[in-house]
2 protein chains.
Amino acid sequence: MTTIDEIARLCNVSKTTVSRVLNNHPYVSKEKREMILKVINEIDYTPNSIARQFRKNETRTIALSVPSIDHPFFAQLIKGVSLQALSNKYKVVVFQTFYNQTIELELLELLKHKEVDGVILGALENNWCKIEPFLKYGPILLCNEYHHSANIPIIGYNEFEATYKAIVHLIEMGHNKIGFCYDTPYSEAQCQRKDGYLKALDDYNLPHNKDWIFGGVFNIEDGFHIFEQINNLKDSPTAIFTGNDQVAAGLIKRATISGFNVPKDLAVIGFDNQLICQVVTPTITSIDIPIIELGQKAFLKLIDCLLGNVSLRREVIRLPTNLIVREST
Amino acid sequence: MTTIDEIARLCNVSKTTVSRVLNNHPYVSKEKREMILKVINEIDYTPNSIARQFRKNETRTIALSVPSIDHPFFAQLIKGVSLQALSNKYKVVVFQTFYNQTIELELLELLKHKEVDGVILGALENNWCKIEPFLKYGPILLCNEYHHSANIPIIGYNEFEATYKAIVHLIEMGHNKIGFCYDTPYSEAQCQRKDGYLKALDDYNLPHNKDWIFGGVFNIEDGFHIFEQINNLKDSPTAIFTGNDQVAAGLIKRATISGFNVPKDLAVIGFDNQLICQVVTPTITSIDIPIIELGQKAFLKLIDCLLGNVSLRREVIRLPTNLIVREST
DNA sequence: GTGAAAGCGCTAACAA
DNA sequence: TTGTTAGCGCTTTCAC
C-alpha cells in the first residue's frame, strides 16, 4: 500500500512537505509542489482517510436516524440532509431505528465511539433522559420532532398551527364530526397536532369523541385498517385528519370501494403533500411542508455546532406549512 | 478523553491485557478480566472506533449507491441491505448519485481511500471501464443492474422473463398495440426488458412501433408526461408496460381524468408491486419482485467477498419475479 | 498469563 | 521554506 512516505522518498522531500501539499498549506515552493503533485498522480497515491480521521479526531461524517427509510416523508428528509452534506463534503450514515429504542441508542454509541462527528435525530424513540448523556460526546439535534425542554436545536414546523388549519378547513366544509390519527403517543410533535385538533374543535364548539382518535397509524396498510375501524363505529366521523398522505391514500381507497363517497360521506385530509396525493382518486387535500429544506437546515445547523460557530443550545426553528385543498375534502 | 492506557493504569495491568479483554481474547485470568470490566463500566470508557479501524485497516462499513433515495424501489433496496448489515454489525453509507456520473465515482473514491470495506452499486451511471480500476481497492458488486462481462457478482432478477410475461399477459388480454417505457438506455437491465418486450411481440407476430417506446421515465410526474405523449399520437397503443409503479400511477391518473377507461381504452402494467398499486383506481397490475431479499442477498455476497470466503468473480444471481394481475389490465 | 515495544499513516509543533 | 520528531489509540507480535 502506498503511503505518504513513499511519495516523500520518491520526491526527496520530507513527508511533512507532502502532507502540506495534500492539505493545501502555504509555504511550499512552487517547484516542489508541482513535482509532488506529479508523482502523486503517476503512482496513483491516495491518502488513507481513516488515518487522517484518526489523527484529526474528525470523521466528516454525521449520523441521521429515521424510523424507516421506505416512508416517503423520511426518504425526502434523508434527501435534504444528504444534498446539503454532499455540498459540504460530509458523509451521512443513515440509521433506521425501525421504531426500536435499542437501535436508536446504538446510533448514539457511534457518537460516543467517535465514529461520527454529530447526530441528527429524525425521530425520537427513547425518553430524552436516555439521550441527554450522549451530548457530552458531540452535538445532537432534533429534526421533525419536538421536546419541551431539551437543550439542543430543534427544527421542525408548526405542528399545532398546521393541524389547526386543517381541522378548521374541515369544519368550514361543513363537518362537525371530525376524527384524528396520530402515529405514536410518545411523540411531542404528535401531541402538538392533537392540541391543534382539540383547540379547533373547542373554538367551534364541537364535541370531542375518543372513538374518533386513532393511534399507531403510519402507512397505507394502516389506512386500510383505519377504515374498517371507522366503518364499525355506531357513530362515525364524517371527516378525518390522517396525519400522513399514505394513511389517507389507504383510507380513501377502502372507503371508496366500500361505497363511500369521498368527500361527501367521509372527507379525508393528508399531511406532507407527497405526489401520491395527486394520483389517488379523489385527489388528497394535504398540508404541504418543505421537507427537503427541513433536512438542509438541520444539516447546516449541525455543522454550525460542529465548527463551534454556535454552541449547542436550545433553539426552536419552525418552518412554514401550507394547506393544499384538493378533492378529498 | 479516556483511553485504554487510563484503564490499564487504574487496574495495574498493561494495556495489552485491557485490549485482550476488550476483544474477548482468551488467556486473561478471570480476576483480571472482571476487574478490568468493572473499571471500564465505572468510568464509562469507550474504545475509539477510528483508532481501531486504523489499526485493523477495516471499517466495517460498506457503501451503497442508488440514484435517489426517494424512489420507493430504492428505499426498499436500502432497507434490505441495511437490515442485513445491521444483523452483521456493519454500517451502510448510502450514496445518492442523482443520476450523476461524478458522484458515482466519488463513492468509489471512498473505497480507494479505505473509508469503506466494499461497495454495492444499486445502479450504474458510468461506463464499466471507469468502474473497473477501483476493483483493486476492494470488492464491488452490482445489484439491480446488469453488465455483460464485468467480473464481479451481479444480483438482480430476470428482467427479460419478467417483461416477457407482462407483455404476453397484455397480449392475452386482447391487446396488439403495446407500448414500452424504460428509464435509461445505458442500463443493460433495461435493455433486457426491451428484449423481453420485443421477443413477446415477435412470438405473437405483433408489429413494432418506435412511437410506442418511451425513455427517461422514472416517477409519477414522468407518468403524467407519458400520457400526454400517448394522447398526442395519431396511432396510439392500447396497452403499455411502464417499467415502474410510480409511472403507472401517474399515467393512469392522467388517462382517467382525460376520460380514458383503464383498462379498456388503455391497459397499464407497472413493475415492483409497491403498495401504491393497491390505492390508485383502478388498481395496478404489476410485477412483484423480492426487493428486500435482493438487498439482503447483495449484502451477504459482499460480506463473503470481504471475509475472503469467496474471491471476487463473475456470478449472476437472478431472483424470481411474479406477475400480479389487478384492475388496470 | 502477561507485558514491552513496535507501528498502522498521518498531521502539527517546533526547530532550523 | 523545509525537515525532525512526537504522537493520536489501538492491536499484535514476541519474549518472558
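Since the structure is predicted, the reported quantities are computational estimates derived from the model, not experimental observations. No hydrogens, no waters, no symmetry mates; every other heavy atom, side chains included, goes into these values. Lettering of chains follows the sequences in order, A, B, ..., and the numbering in each one begins at 1.
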- prompt: Rounded to the Å, how far apart are A:M1 CE and C:dG7 C1'?
  reply: 14 Å
task: Please state how far atom CG in B:N57 lies from atom P in C:dC10, giving the value in whole angstrom units.
output: 11 Å
Length of the line joining A:E58:CD and C:dC10:P, which is rounded to integer Å: 16 Å
- request: Output the residues of residues 4-22 of chain B in contact with DNA chain D, where contact means a heavy atom of the residue under 4.0 Å from an atom of the strand; sort by number or write none.
  value: B:I4, B:K15, B:T16, B:S19
task: Please check if any side-chain donor atom of B:E145 sits under 3.5 Å from a side-chain acceptor atom of B:S187, or the reverse.
output: yes
task: Apply side chain to side chain contact (heavy atoms under 4.5 Å, CB included) to A:E34 and list each qualifying residue two or more places apart in sequence or on a separate chain.
output: A:K30
query: Under the 3.5 angstrom rule, does the side chain of A:R314 hit a backbone N or O of A:A150 as a donor-acceptor pair?
result: yes
message: Check A:E315 with A:K301, please: is the shortest side-chain N to carboxylate O separation under 4.0 Å?
response: yes
- prompt: Are side-chain N/O atoms of A:E115 and A:T59 paired as donor and acceptor at under 3.5 Å?
  reply: no
field: Distance under 6.0 Å and angle within 45° of ring axis: A:R33 vs A:Y27
entry: no
- prompt: Between A:E34 (CD) and D:dT1 (P), how many Å, whole number?
  reply: 14 Å
query: To the nearest Å, how far apart are B:K114 NZ and C:dC10 P?
result: 11 Å
Within 6.0 Å of OH in B:Y186, more than 12 heavy atoms from elsewhere: no
- prompt: If only side-chain N and O atoms of B:K32 are considered, is one of them under 4.0 Å from the OP1 or OP2 phosphate oxygen of C:dG1?
  reply: no
message: Can you pull out the residues from residues 47-54 of chain B that lie within a 4.0 Å heavy-atom distance of DNA chain C?
response: B:F54
- line: For A:L111 and A:P139, the nearest pair of non-hydrogen atoms, with its separation, is CD2-O, 4.3 Å
message: Is there a side-chain contact between A:S29 and the phosphate of D:dT2, meaning an N or O under 4.0 Å from OP1 or OP2?
response: yes
- prompt: Could you give the NZ-to-P distance, from A:K56 to D:dG9, as a whole number of Å?
  reply: 16 Å
- request: Could you please spell out the steps behind the side chain to side chain donor-acceptor pair (under 3.5 Å) verdict for A:T17 and A:S14?
  value: CA-CA 5 Å; A:T17 305; A:S14 74; 3.3 Å; yes
- prompt: Just checking A:N23: base, sugar-phosphate only, or nothing, at a heavy-atom cut-off of under 4.0 Å?
  reply: sugar-phosphate
- request: Please check the phosphate of D:dT12 (OP1 and OP2 only) for any side-chain N or O of B:Y27 closer than 4.0 Å.
  value: no
